[in-house]
Amino acid sequence: MKVYTFGDQSKPVMMLFPGTCCYWKNNFGHVIEGLKEYFYVTIVSYSGFDETEHSTFISELDETKKIEQYIQEYFNGHIFAVYGCSLGGSFVSLLLSRENIHIDHAIIGSSDMDQTSKLLAKLQTALVISIIYPLITGKGSRLAKKFISKRMNTQDENANYRKKFMELMGIGSGIDFFFISKESMKNQFCSDLYTKVGQQIQVPHTTIHVFYSKKMGEKYRKRYEKYFKQPDIIEFDLRHEELLLDASRWVKEVCKACQIV
C-alpha cells in the first residue's frame, strides 16, 4: 500500500479512498487541484493496485491495519477528514468502528454497504471478476470487451454518466494495468462483501456524513441508518458516485460538509 500526497502540509489533512478495483489516479486525479486549495490531500493506493509495488491485496481488514499504521506514523493517529468512494466507504467505516485512529469528518461516498456470508461473497465474486478483470486490465475475455464496447457506445439517457463512470474505474483510459492481478481483484471484491463493519457506528467528536445518491434507491438510506447512528445524510438527486464526476461541485460539497467554507 502507498499513500500519495499533494499540497500544503499546514492545511487540514484529507485522505481519499478509491472505489472497487480502482486506480487512484483515475478515481481522484481530477479533484486534486481543487481539493488542495483547502486541504493537504492524501490518497491511498491499495496493495496490488499500484504500479510501483509488487504486492497483492490480501483482505479489507489487512489493508485497514496498514492504513491505521500510516495515519499513526505520519499524523499521530489523527486526521481531519476522509472520503471513501464506494468500496472506500467500507474502509472509512472500519476505521471508525475500530477506533484505533481519530477522524473529525468521515464522508461515505454513496457506498452500497453490501454485507453477506463468505460463501455468497465467493459466488458473487467469481461472477463479477470474470467480467471486471478483462475490462479493466484488457486481459482475457474478448466477449467481455466486446460487451463493454457496445455499452460504451449505446446512446440513451444514461450514456454520458456510464462513460464517465467507466473512466473513473479506468476502463478505456488507455493505461496499462499490467500490475493488477486477478487475485488482488478477487480478494478486494470478496473481502468487502463479507467483512463486517459494525452497526450503529458512532464515535465521540466525529461527524459521519453520507453523500446519499437518491437514484440508487431508498434501501441504501436504510442501510446507512443501520450502520451509522445519527449520520448526517446529505441527499443528491443523482446516481452512484455521480457527484464525484463533477470535480468542482464535489469539492464544494466536501468543503461544506467539513465546514471549511
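Side-chain atoms are counted along with the backbone in the values below, which use heavy atoms only and exclude waters and symmetry mates.
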Note to self: Set out, in order, the CA-CA distance, both residues' side-chain angles and the distance that settles salt bridge (charged side-chain N to carboxylate O under 4.0 Å, His left out) for Lys65 and Glu68, then state yes or no.
What the structure shows: CA-CA 5 Å; Lys65 291 177 181 178; Glu68 289 174 339; over 6 Å; no
Next item on the list: Indicate whether any N or O donor in one side chain lies under 3.5 Å from an N or O acceptor in the other, for Ser93 and Ser90.
Entry: no
Next item on the list: Compare every heavy atom of Asn26 with every heavy atom of Ile175, then report the nearest pair and how far apart it is.
Entry: CD1-OD1, 3.5 Å
Item checked: Ring-ring centroid check Phe236 Phe211, cutoff 6.0 Å -> yes
Margin query: Check this for me: Lys66, atom NZ, are more than 12 non-hydrogen atoms of other residues, nucleotides or ligands nearer than 6.0 Å?
Written below: yes
Check: Can we say Lys222 and Glu225 salt-bridge, meaning some charged N sits less than 4.0 Å from an Asp/Glu carboxylate O?
Finding: no
Margin query: Is the shortest side-chain heavy-atom distance between Met169 and Thr20 below 4.5 Å?
Written below: no
Item checked: Partner of Thr125 under side chain to side chain contact (heavy atoms under 4.5 Å, CB included), chosen from Ile132, Leu193, Asn187, Leu120 -> Leu193
Check: For the residue pair Ile136 and Cys21, what are the closest heavy atoms and their distance?
Finding: CD1-O, 3.6 Å
Check: With a 3.5 Å cut-off and no angle check, do the side chains of Glu51 and Tyr23 form a donor-acceptor pair?
Finding: yes
Checklist line | Charged N-O contact under 4.0 Å between Lys2 and Glu53 | finding: no
Check: What about the rings of Tyr4 and Trp24, do their centers lie closer together than 6.0 Å?
Finding: yes
Notebook entry, point to check: Between Ser110 and Val210, is any pair of side-chain heavy atoms under 4.5 Å apart?
Noted result: no
Next item on the list: Specify the closest pair of heavy atoms between Asn27 and Pro18, including all atoms of both residues, with the distance to one decimal.
Entry: OD1-CA, 3.1 Å
Next item on the list: Give a yes or no on whether Gln69 atom CD has more than 12 heavy-atom contacts from other residues, nucleotides or ligands under 6.0 Å away.
Entry: no
Check: In terms of heavy-atom contacts, does NZ of Lys11 have more than 12 from other residues, nucleotides or ligands at under 6.0 Å?
Finding: yes
Item checked: Shortest non-hydrogen contact between Gly170 and Phe177, atoms and distance -> O-CE1, 3.6 Å
Only distances under 3.5 Å count here; give the side-chain donor-acceptor pairs of residues 226-233 to other protein atoms, sequence neighbours excluded, each with its distance to 0.1 Å.
| residue | atom | partner | partner atom | Å |
| --- | --- | --- | --- | --- |
| Asp232 | OD2 | His209 | ND1 | 2.7 |

Next item on the list: With sequence neighbours excluded, tell me which residues meet salt bridge (charged side-chain N to carboxylate O under 4.0 Å, His left out) with Arg223.
Entry: Asp114
Check: Can you check whether Tyr40 reaches Phe6 side chain to side chain, under 4.5 Å on heavy atoms?
Finding: no
Notebook entry, point to check: Under 3.5 Å, is there a donor-acceptor pair between the Asp104 and His78 side chains?
Noted result: yes
Next item on the list: Describe, in one word, how the ring planes of Phe57 and Phe91 are oriented to each other, choosing from parallel (under 30°), tilted (30 to 60°) and perpendicular (over 60°).
Entry: perpendicular
Next item on the list: Indicate whether any N or O donor in one side chain lies under 3.5 Å from an N or O acceptor in the other, for Ser47 and Glu63.
Entry: yes
Notebook entry, point to check: Would you say Cys258 and Met14 make side-chain contact, with heavy atoms under 4.5 Å?
Noted result: yes
Item checked: Centroid-centroid distance, His54 to Phe179, less than 6.0 Å -> no
